[in-house]
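In what follows, every chain begins at residue 1, and chains take the letters A, B, ... in the order their sequences are listed. Predicted model, so just to flag it, every value in this text is computed and none were measured.
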Amino acid sequence: MEYNFTEIEKKWQRYWEENKIFKTYDDFSNPKKYYILDMFPYPSGSGLHVGHPEGYTATDIVARYKRMNGFNVLHPMGWDAFGLPAEQYAIQTGTHPAVITNKNCDTFRAQIKSLGLGYDWDREVNTTDPGYFKWTQWIFIQLYNTWFDEALQKGRPVSELPVPEEIKKQGDKAVQRYISEKRLAYYDDAQVWWCDHCRIVCANEEVLTDGSHEKCGNPVVRKNLKQWMLRIPLYAERLLKGLEKLDWPEGVKEMQYNWIGKSTGAEVDFELDGLDEKLRVYTTRPDTLFGATYMVISPEHPGVKQITLPEQAAAVEKYANDASKKSDLDRTDLSREKTGVFTGRFAINPVNGKKIPVWVADYVLIGYGTGAIMAVPAHDTRDFEFALKFGLPIDCIMDPEGAEPGLRNKVLAGKECWTEDGIYVNSSDDKRGISINGLNKEQGIKTIIEWLEKMEIGAATVNYKVRDWLFSRQRYWGEPFPVIHWEDGEISLLAEEELPLTLPKLEKYLPGENGESPLANAGEWLQVTGKDGRRGRRETNTMPQWAGSCWYYLRYIDPKNDKVPFSAEKEKYWMPVDLYIGGTEHAVLHLLYSRFWHKVLFDLGIVSTDEPFMKLFNQGMILAYAYETATGAKIPVDLVEERDGKYYKRDSGEELKQIMAKMSKSLKNVVNPDDVVRKYGADSLRLYEMFMGPLDVIKPWADNGVKGVSGFLGRVFKFFAHKENITGGEEDPEILKELHYTIKKVARDIEDLKFNTAISQMMIFTNACIKKGKVTHDTASRFIKVLSPFAPHIAEEIWEIYGNKGSIATEEYPAYDEKYLASDTFEYPVSFNGKLRFKIELPVDMAIPEIEKSVLAHPNARKWVEGKQLKKIIVVPNKIINVVVV
RNA sequence: GCCCGGAUGGUGGAAUUGGUAGACACGCAGGACUUAAAAUCCUGUGGCCAGUAAUGGCUGUGCGGGUUCAAUUCCCGCUCCGGGUACCA
């Protein structure tokens, strides 16, 4: 009997589907639930690549394993199907994006099914389905109708928002404006990133470090546009706190911490010489106030004009103008040479009354803190550079006591910058009753803040880097906002009964003029007339792709519900997600956004948990080998030939270096899972994806590796599927021991997501069985169950050959018995001065003095002890023996 | 620059976190089967040295130090690679 994987895999995939083996029932009587989630894919036109099955196989193994352990498992799949490529295709061909999207989903679904992944397809969701995005729109309405109560650190309905009397007195418009300023979702003029290539705005998170658009790589520019924004910074503290209790990779947590970017410090008011205004700065180092020798305001600071003296006005205006023309790319990229111009104005340092000049410079950003800083060149590297360039005074106020003397003297002389801790000097003022001399940084900050607060010129403040989330895009293929802009400027949202607001059919999908979405061309759809006869226009922007993925994990719980987004009872049973697996590329974007939405929903009582994803795991990217010349030019793989383990360019014979690179069409190193399935079978693909290495690391695809695991499955079939190898009677103790160890090891490895070592152990076991020649039916059955989560098709087939009815997926995972794992003796490695010399087999329960005696009596021991003095013998029971001689 | 990861045979990777480094695979070499090849099976396989051989010794986890009876694992100082971030006061 041959191992015909193609036939076997088709047969069992059909069986699973027909018998709904992986259907999840909302059986609340089972207290053991396990919600295991994959990051759902964008169904691109090119189909699945080998990176997808990596995470999916991992979750599938865990899901199958948990099911075999009696858990009620929720393991769904769906499509993050809004997105640019479908729209671009629509622009080119005139076909509605839904057509191509649905086709792509069909391809993806078929491919995923061909891998034998056990999803409950009855729960499939699709973000572009009106039945789904109805609720995305609904959540948007909830966000719009929520304000954040700072005191309670909690989102609350705007109906509960207290409106101050003086606002009420100003009339209804003022009240509405007041409420708008508190809503989590608001519509306003904003300086936004605009990608001219995509004709779309981008969120801060979508702009890369070099000022390019994450999606297309083209540079983005600043633009002022009316846009929908979400006030995610209000949740900054909650988002930070929530991270603490999550079982997430440290790196991802770190990235979220950094992105939120909390900093604590103080705001301090500086009086301006000759003006009745004050200049407020934010600083994390209020303790260095005595060292503030000048101030800097951002070119965009609203006070620039007022502060600047007439004789400097021209210079300042020019500088501000130039700065505004510079893209942010230039501003950060330009070799960091600091620029700036003096306003002519002086401010008064509140701690010592000294007059210090106020400058304008673009190294101070308007979007952070107050857009103005006090500059302490002696203790801040940026201020130091600036002071050096413009010859501003550098007053050292902190003695770096611990530093090396040469450096310390330079710092004290103001010739070097010191940002670390030290002891304050020159930091007192008798008249104002403040001194921090002799204190260290921590005490200094505390003392100064207390003093500032007492004098009412400053207060402790917290700042966050995270900005409002720009939540609209100039696209057709996204969720329409359930929003009407009325001719009088009022904004209203649709009622729940009016949802979903679906997309209109368009003739053309080209973007509108002046950065408007294609929906600006949707005549009839666009115009609305209110009951009062008022005319209005629908919002033409659509939501970003993140919207649908912000809550899809909730919809899986109750995907067909058309009354509510999901039933509360079901949500309570299934949430939170126990294990979430996906790529690191979503470390900040998706994972921050969905945590934010989830917390709002939690505050509104719509979900029962504060955090959505308890354990997160990132699978590593799968790369492919690629080849480059000595000069670094990449050569497509079809032009490369291998000789004696070296690589040469086929036409020129030039020797090439093998490197790892992302799979790409240009390098022709893309591996298509369909080809692998055809050639080796789905079980081999699954096994190889898991055997390559640890799940979380980047690893290169090697076709020969598939051959390795496929050989293993071939041997499994050849041995276990043939009844003549399977006997009755007593099992051999060695095999029994190996079996129980395998059961234990594989279980533990699955729990730890260490699939590579689990597979390795199954190989060891199989090799042992083959060597033995025969095993009992009981041994074989147990092993096949252990193998089944990894290679389900072959396991089902063998299970059936053994005469069983029904699916092995519904069997119980075998238990192991410690008694088979124990042995009477242990082969001790004996080392002398740490070097392994020989081994000695001794009873496991032998007393240490006996062990020492036996070791020294061993014939090989003499050689190492002779002529030396025995110092001591270290015996670690059942581990190692080390003899120390001198 | 700063913050996280990482570096182990020709290759992918193991090592119960201080206790036999190189499991398991790939590749390679030799052998069996075959007219031959593929497939399959068996044997060997970190490097160096000695020995006809069984075997024995030395060396070895990016580099340099240290702690320890014992270090891939812990500490200090570097080098290189990957990811994140970037004038955030």
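As rounded to whole Å, 15 Å separates atom C1' of B:rC69 from atom CD of A:Q869. Atom pair A:E2:CD and B:rU40:P shows a separation of 11 Å (rounding to whole Å applied). When rounded to the nearest whole Å, the span between CH2 of A:W248 and C1' of B:rC4 equals 16 Å. In this structure, CG of A:L870 is placed 15 Å from P of B:rC69, rounded to the nearest angstrom. Rounded to an integer number of Å, the gap from A:F790 CZ to B:rC24 C1' is 14 Å. Atom NZ in A:K835 sits roughly 14 Å away from atom C1' in B:rA71 (whole-Å rounding). Rounded to whole angstrom, the span from the OH atom of A:Y680 across to the C1' atom of B:rC26 amounts to 12 Å. In this structure, CZ of A:R837 is placed 16 Å from C1' of B:rG19, rounded to the nearest angstrom.
In this structure, A:G367 and A:V883 both approach RNA chain B, and ranking their closest nucleotides by distance from the 5' end singles out A:V883. Ranked by how close their nearest RNA chain B nucleotide is to the 5' end, A:I874 and A:Y368 are led by A:I874.
Using a 4.0 Å heavy-atom distance criterion, A:K754 is classed as a sugar-phosphate-only contact. Heavy atoms of A:F386 sit nowhere under 4.0 angstrom from any nucleic acid atom. Within 4.0 Å of A:I759, counting heavy atoms only, lies no atom of the nucleic acid at all. As judged by a 4.0 angstrom heavy-atom cut-off over every strand, A:K262 is placed among residues making no nucleic acid contact. Residue contacts for A:F691: at a heavy-atom cut-off of 4.0 Å it reaches a base atom on one of the strands shown. At a threshold of 4.0 angstrom between heavy atoms, the contacts of A:N704 are confined to the sugar-phosphate backbone, with no base atom among them.
Between A:D749 and A:T757, the side chains place a donor N or O and an acceptor N or O closer than 3.5 Å (distance only, hydrogens not considered). Residues A:Y368 and A:S298 have side chains that never bring a donor and an acceptor to within less than 3.5 angstrom of each other.
For A:K839 and B:rU20, a side-chain-to-base donor-acceptor distance below 3.5 Å is present, hydrogens and geometry of angles not being considered. No donor-acceptor contact under 3.5 Å links the side chain of A:K707 to the base of B:rC26.
For the atom pair CH2 of A:W259 and CG of A:L592, the computed distance is 9.0 Å after rounding to the nearest 0.5 Å.
On the C1' atoms, B:rU61 is 16 Å away from B:rC74, given to the nearest whole Å.
Regarding contacts with the backbone of B:rG19, every side-chain N or O of A:S831 stays at 4.0 angstrom or more from both OP1 and OP2.
For A:N756, the side-chain atoms get nearest to B:rG13 when compared with the rest of B:rU40, B:rA86, B:rG13.
Remark: aromatic rings of A:F386 and A:F390 are close, center separation under 6.0 Å.
With both pairing distances under 3.5 Å, B:rU40 is matched to B:rA32 as a Watson-Crick or G-U wobble pair.
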